[in-house]
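All remarks here apply to the structure that follows.
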Amino acid sequence: MAGVSHATKLVIQDARVLQDDFIPKEVKHRDPEVNRISDALAPITDGDSGETTFLLGPTGVGKTCLAQFVTERLREQVLDLQTCYVNCWEDYNRYRTLYRVLDAVTSTHDIHRQSTPQDVLLNRLRELDDAPYVIILDEVDQLQDTKALYDLYSIPHITMVLVANREDTLFAGFGDRLRSRLQSSIRVRLAAYNSDALVAILRDRVRWGLSDNSIGTGVLDQVADSAAGDARVAIGTLRRAARAATTAGVDRITTELVADVVPEAKAAIRQKNVAQLTPDQQVLYEVATEHGEIAPGELYDEYAHRVSDPKSKRTVRKYMGKLAQYNLVDAVGQKRGRRYHVVE
DNA sequence: ATTCCACGGGAAAGCATGGACC
DNA sequence: GGTCCATGCTTTCCCGTGGAAT
């Protein structure tokens, strides 16, 4: 108290608004998209099921935020509405997805992992037809087994909101039946934010979360520019800069401070993906990173050299497919001529 | 033209987990 | 407790395919 003036320190008033999972009470710059999603879900208010809706666009454009915002708002209108958020990164196959969806609305004491057949999960879901159910499937392109989509699609009281990066690769993995069923679904495409929009978003977060005058307009521009349209990176940068300012005991976020934390903000996203890999997969990624670009044979030899109990070549090929799907690595060329590049 | 290497689908084996039953 | 069974996940094995190197 005495001696140390508050004015000399940057104060984080509300750290939550700088977290990744924060959902604002109002969404800016996305009115047309919000309306289209709302329209797609509107039949639910009349007791029907909504349209299957895709939210498509690059990372950090607010897809997940929008999906949650709209379903949250719908919940205010529909009393018995059930909702569920599934991240397909974590629940990447049919069983886990169904389990998560069921677990969100019922007590699953009698359902146990592994030893309960998938059909049982599905039947239980079908029986829950007394209330509408909106399911957000995030990062749905990470789903290895699209049967779950087919299953859920076939249940009348369930409405799906599917979130993904790229439409073409997503639909390519679907198979004919599913593709034709989803042909008529609503698609909402979200473009990257421009710099002005990002600055506006950041300004709100600063107003809600930080003390006044803690960051200048020019510095906000800098944060926005470095994020290249990705709001997640922008907010992450702001969060890290605020934290750095706090530990340094200064009252303003400066240009230098932002420049310091930009690399780690960008690396953090990648780091999150790498952390989810198994030790074997991490070694493969490590080898690939050291070379930047590498032929499969050389990659395998080096990998086998580094671990005590190397997996088979076939398994490594599967692993590499996974790394490619996670966009950590790029597979260039077919068959024999293939080379792996690490994605920068 | 032939050989070589890698891909990727599918079948089967091996593993872990949890229930049922004794 | 101990044993057996069902289920799903991972890994390996097998192998047809095809582009690249010789």
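Keep in mind the model is a prediction, meaning the values are calculated, not measured. Below, read A as the first sequence line, B as the second, and so on, with proteins coming before strands; counting in each chain starts at 1.
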Relative to the 5' end of DNA chain B, which residue comes earlier, A/Lys318 or A/Pro296, by the nucleotide with the nearest heavy atom?
A/Pro296

From C-beta outward on A/Lys335, which listed nucleotide comes closest to its side chain: B/dG9, C/dT10, C/dG19?
C/dG19

Closest listed nucleotide, where the reference is the side chain of A/Tyr340 and the choices are C/dT10, C/dG8, B/dC7:
B/dC7

Using whole Å, what does the distance between atom C1' of nucleotide C/dT7 and atom CG of A/Leu121 come to?
11 Å

Check: A/Arg306 and A/Glu286 side chains under 4.5 Å, non-hydrogen atoms:
yes

At under 4.0 Å, does any side-chain N or O of A/Tyr99 touch on OP1 or OP2 of C/dC9?
no

Is A/Lys311 side chain donor-acceptor paired with the C/dT10 base, going by distance under 3.5 Å alone?
no

Distance check: side-chain N/O of A/Arg338 vs OP1/OP2 of B/dG8, anything under 4.0 Å?
yes

Decide side chain to side chain donor-acceptor pair (under 3.5 Å) for A/Thr64 and A/Asp138; before the verdict, give the C-alpha distance in whole Å, the side-chain angles of both, and the deciding distance to 0.1 Å.
CA-CA 7 Å; A/Thr64 304; A/Asp138 202 355; 2.7 Å; yes

Tell me whether A/Val86 is reachable from A/Leu66 by hopping between hydrophobic residues (I, L, V, M, F, W, Y) whose side-chain heavy atoms are closer than 4.5 Å.
no

Find the distance A/Lys313:NZ to C/dT10:P and express it as a whole number of Å.
24 Å

Give A/Gly297 one of three labels, base, sugar-phosphate or nothing, depending on what nucleic acid heavy atoms sit under 4.0 Å from its own.
sugar-phosphate

Give one of base, sugar-phosphate or nothing for A/Tyr300, where a contact means two heavy atoms less than 4.0 Å apart.
nothing

State whether A/Arg16 and A/Asp14 are salt-bridged, where the test is any N-O pair (Lys NZ or Arg NE/NH1/NH2 against Asp/Glu carboxylate O) under 4.0 Å.
yes

Does A/Arg336 get its side chain close enough to the base of B/dC4, under 3.5 Å, for a donor-acceptor pair?
yes

Can you tell me if the side-chain N/O atoms of A/Asn93 get under 4.0 Å from OP1 or OP2 in C/dC9?
yes

Report yes if a side-chain nitrogen or oxygen of A/Thr315 is closer than 4.0 Å to either non-bridging phosphate oxygen (OP1 or OP2) of C/dT11; otherwise report no.
no

Of the listed nucleotides C/dT11, C/dT12, B/dG8, the one nearest the side chain of A/Ser312:
C/dT12

Any base atoms under 4.0 Å from A/Arg314, or only sugar-phosphate, or nothing? Heavy atoms, all strands.
base

Taking atom types as modelled, is there a side-chain donor on A/Ser214 or A/Asp251 under 3.5 Å from an acceptor on the other?
no

